[in-house]
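Reading through the structure tokens given below for one structure.
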Amino acid sequence: MNAPEVSVIVPVYNEEAGLPTLFERLYSALDAFGASYEILFVNDGSRDRSAAMLREQFARRPDVTRVILLAANAGQHMAIMAGFEHSRGEIVVTIDADLQNPPEEIGRLVEKMREGYDLVGSIRRNRQDSAFRRYASRAMNRLRERITRIHMTDQGCMLRAYRRSIINAINSCHEVSTFIPALAYTFALRPTEIEVAHEERFAGESKYSLYSLIRLNFDLMTGFSLVPLQWFSMVGISVSFLSALFVIFLAARRVLVGPEAEGMFTLFGIVFFLLGLVLFGVGLIGEYVGRIYLQVRHRPRYLIDAVLEDAAAAAARDSGPVPAPVPATELMVAAPETRE
């Protein structure tokens with residue numbers, strides 16, 4: 001069995017309401033495009049009927065469908081990493097299951113990859129999100145670019161295409177917490193971006209709360225740059241210098257004017273400001289130390305409960321081309337495994 005040209009990875013978490021429409025549009029778009037493909041659905045510990053619906057879809061199209069069932073929720077990026085490690089295509093496309101990125105846009109990304117690029121990002125056109133989310137996203141994009149020097153116009157859009165060489169480089173990394181688009185950009189030699197359509201979420205609610213988005217951006221900034229620590233060091237040096245000048249000023253004023261109590265509240269304000277600065281620095285250092293702590297424990301990033309795939313595809317993935325054709329209806333459920 002030859003490897004397909006395109007692998008499409010779809011992380012799924014509690015998307016029961018939108019999966020039937022996703023199946024219809026995704027398979028229709030890929031069939032119409034004409035390239036050989038496989039679709040890897042990664043069920044990220046869904047608590048609704050998503051896993052059962054993925055099993056049913058595998059039974060309908062076992063020739064091009066593979067399903068990875070994670071034992072527990074590992075997060076969107078770890079689910080995509082599981083898909084990367086099982087993908088076989090020369091071009092790997094990631095897309096969310098909520099249909100905000102139309103599956104019909106996949107063909108445009110693949111065509112751009114065929115021009116010789118090794119990474120194609122996307123920029124959401126006429127973004128269908130709240131005004132707060134759009135403005136917050138733009139602000140975080142600008143801040144992230146200043147800190148990490150990674151140039152991504154729209155970091156929140158997961159509709160992206162990667163060359164096999166980039167996927168192999170990502171798979172060689174064993175980071176417990178990462179941001180896949182940024183990690184890919186560190187390996188890319190010829191990246192580019194295109195504009196893609198954006199639609200309202202078909203059903204359900206976003207799985208990213210405000211707290212989750214803040215955590216994700218902390219991971220992005222502390223995982224790809226030491227600039228926050230360097231900025232804080234510069235601020236500390238500046239505050240120390242200004243504090244020394246202020247102490248000299250107070251000592252001179254006491255000699256010239258004598259003891260006075262009118263500046264007490266000003267001193268309290270300065271002390272509270274410095275205490276806040278110190279606490280912020282401790283928290284920032286804690287972010288880096290916490291990442292080190294998670295990494296050195298060497299716990300598996302995710303647990304795979306089962307893999308549903310055509311037996312011929314499994315043989316091709318594990319040991320190269322199979323010597324004889326195997327019926328497409330044969331079902332193989334892989335034994336549970338862990339990934340370091």
Apply side chain to side chain contact (heavy atoms under 4.5 Å, CB included) to A74 and list each qualifying residue two or more places apart in sequence or on a separate chain.
D44, L70, M78, Y302
Hydrogens and angles aside, do S87 and R164 bring a side-chain donor and acceptor to less than 3.5 Å of each other?
yes
Could you tell me whether the side chain of P181 reaches within less than 4.5 Å of the side chain of H77, counting heavy atoms only?
yes
Rounded to the nearest 0.5 Å, how far apart are CG of N14 and CG of D98?
13.0 Å
Trace of the side chain to side chain contact (heavy atoms under 4.5 Å, CB included) decision for L54 with F58:
CA-CA 6 Å; L54 293 177; F58 168 77; over 6 Å; no
Step by step, work out the side chain to side chain contact (heavy atoms under 4.5 Å, CB included) result for F187 and Y162.
CA-CA 11 Å; F187 298 126; Y162 308 86; over 6 Å; no
Beyond-backbone contact of L22 with V10, side-chain heavy atoms, under 4.5 angstrom
yes
Inspect the surroundings of CD in E56 and state if more than 12 heavy atoms from other residues, nucleotides or ligands are less than 6.0 Å away.
yes
Non-hydrogen atoms of E16 and S50 that approach each other most closely:
N-OG, 3.3 Å
Pairs involving residues 178-191, ordered by first then second residue, that meet salt bridge (Lys or Arg N to Asp or Glu O under 4.0 Å) (sequence neighbours left out)
none
Side chains of R124 and Q100: closer than 4.5 Å at any heavy-atom pair?
no
Pairwise side-chain contact, L159 with V93, heavy-atom cut-off 4.5 Å (strictly under):
yes
Sidechain N-carboxylate O distance under 4.0 Å for E309, R88
no
At their closest point, which heavy atom of I68 faces which heavy atom of G83, and how far apart are they?
CD1-CA, 4.1 Å
If the condition is salt bridge (Lys or Arg N to Asp or Glu O under 4.0 Å), which residues does E195 pass it with, not counting sequence neighbours?
R125
Using only atom types and a distance under 3.5 Å, with no angle test, would you say the side chain of R61 pairs donor to acceptor with the backbone of Y27?
no
Check side chain to side chain contact (heavy atoms under 4.5 Å, CB included) between S165 and all other residues, then give those that pass, not counting sequence neighbours.
R163
For a side chain to side chain contact (heavy atoms under 4.5 Å, CB included) check, start with the C-alpha distance between V196 and L109, then their side-chain angles and the critical distance, and finish with the verdict.
CA-CA 9 Å; V196 296; L109 270 71; 4.0 Å; yes
Closest non-hydrogen atom pair, T65 against Q57
OG1-O, 4.3 Å
Please walk me through it: do L183 and E175 pass side chain to side chain contact (heavy atoms under 4.5 Å, CB included)?
CA-CA 10 Å; L183 183 61; E175 299 177 21; 3.9 Å; yes
Which residues share a ring pair (Phe, Tyr, Trp, His ring centres under 6.0 Å) with Y185, sequence neighbours left out:
none
Measuring only between side-chain heavy atoms, which start at C-beta, is F41 closer than 4.5 Å to L26?
yes
What residues, two or more places apart in sequence or in another chain, satisfy side chain to side chain contact (heavy atoms under 4.5 Å, CB included) together with P102?
R25, E104, E105, A197, E199
Note, V6 side chain near M113 side chain (heavy atom, < 4.5 Å):
no
Can you tell me how far CG of N168 sits from SG of C173, rounded to the nearest 0.5 angstrom?
11.0 Å
Set of residues satisfying salt bridge (Lys or Arg N to Asp or Glu O under 4.0 Å) with respect to E193, sequence neighbours excluded:
none
Which other residues belong to the hydrophobic cluster containing I123, where Ile, Leu, Val, Met, Phe, Trp and Tyr are joined when side-chain heavy atoms lie under 4.5 Å apart, directly or via other members?
none
Side-chain heavy atoms of I180 within contact of R160, under 4.5 Å:
no
For the side-chain contact (heavy atoms from CB on, under 4.5 Å) test, which of I106, I91, V110 pairs with V8?
I106
Pairs in or reaching into residues 110-120: which pass salt bridge (Lys or Arg N to Asp or Glu O under 4.0 Å), with residues at least two apart or in two chains?
E5-R114, E111-R114, K112-E115
Does R47, at its CZ atom, have more than 12 non-hydrogen atoms belonging to other residues, nucleotides or ligands within less than 6.0 Å?
no
How about M53 and D48: do any of their side-chain heavy atoms sit closer than 4.5 Å?
no
With Y37, which residues qualify under ring pair (Phe, Tyr, Trp, His ring centres under 6.0 Å), at least two apart?
none
Just jot down the side chain to side chain contact (heavy atoms under 4.5 Å, CB included) partners of A71, sequence neighbours excluded, or say none.
L303, D305
Can you name the closest pair of heavy atoms from P103 and A29 and give their distance?
O-CB, 3.8 Å
Which atoms form the tightest heavy-atom contact between I166 and A184, and what is the distance?
CG2-CB, 3.9 Å
Which pair of non-hydrogen atoms, one from S7 and one from L40, has the smallest distance, and what is that distance?
CB-CD1, 4.2 Å
Which other residues belong to the hydrophobic cluster containing V296, where Ile, Leu, Val, Met, Phe, Trp and Tyr are joined when side-chain heavy atoms lie under 4.5 Å apart, directly or via other members?
I292
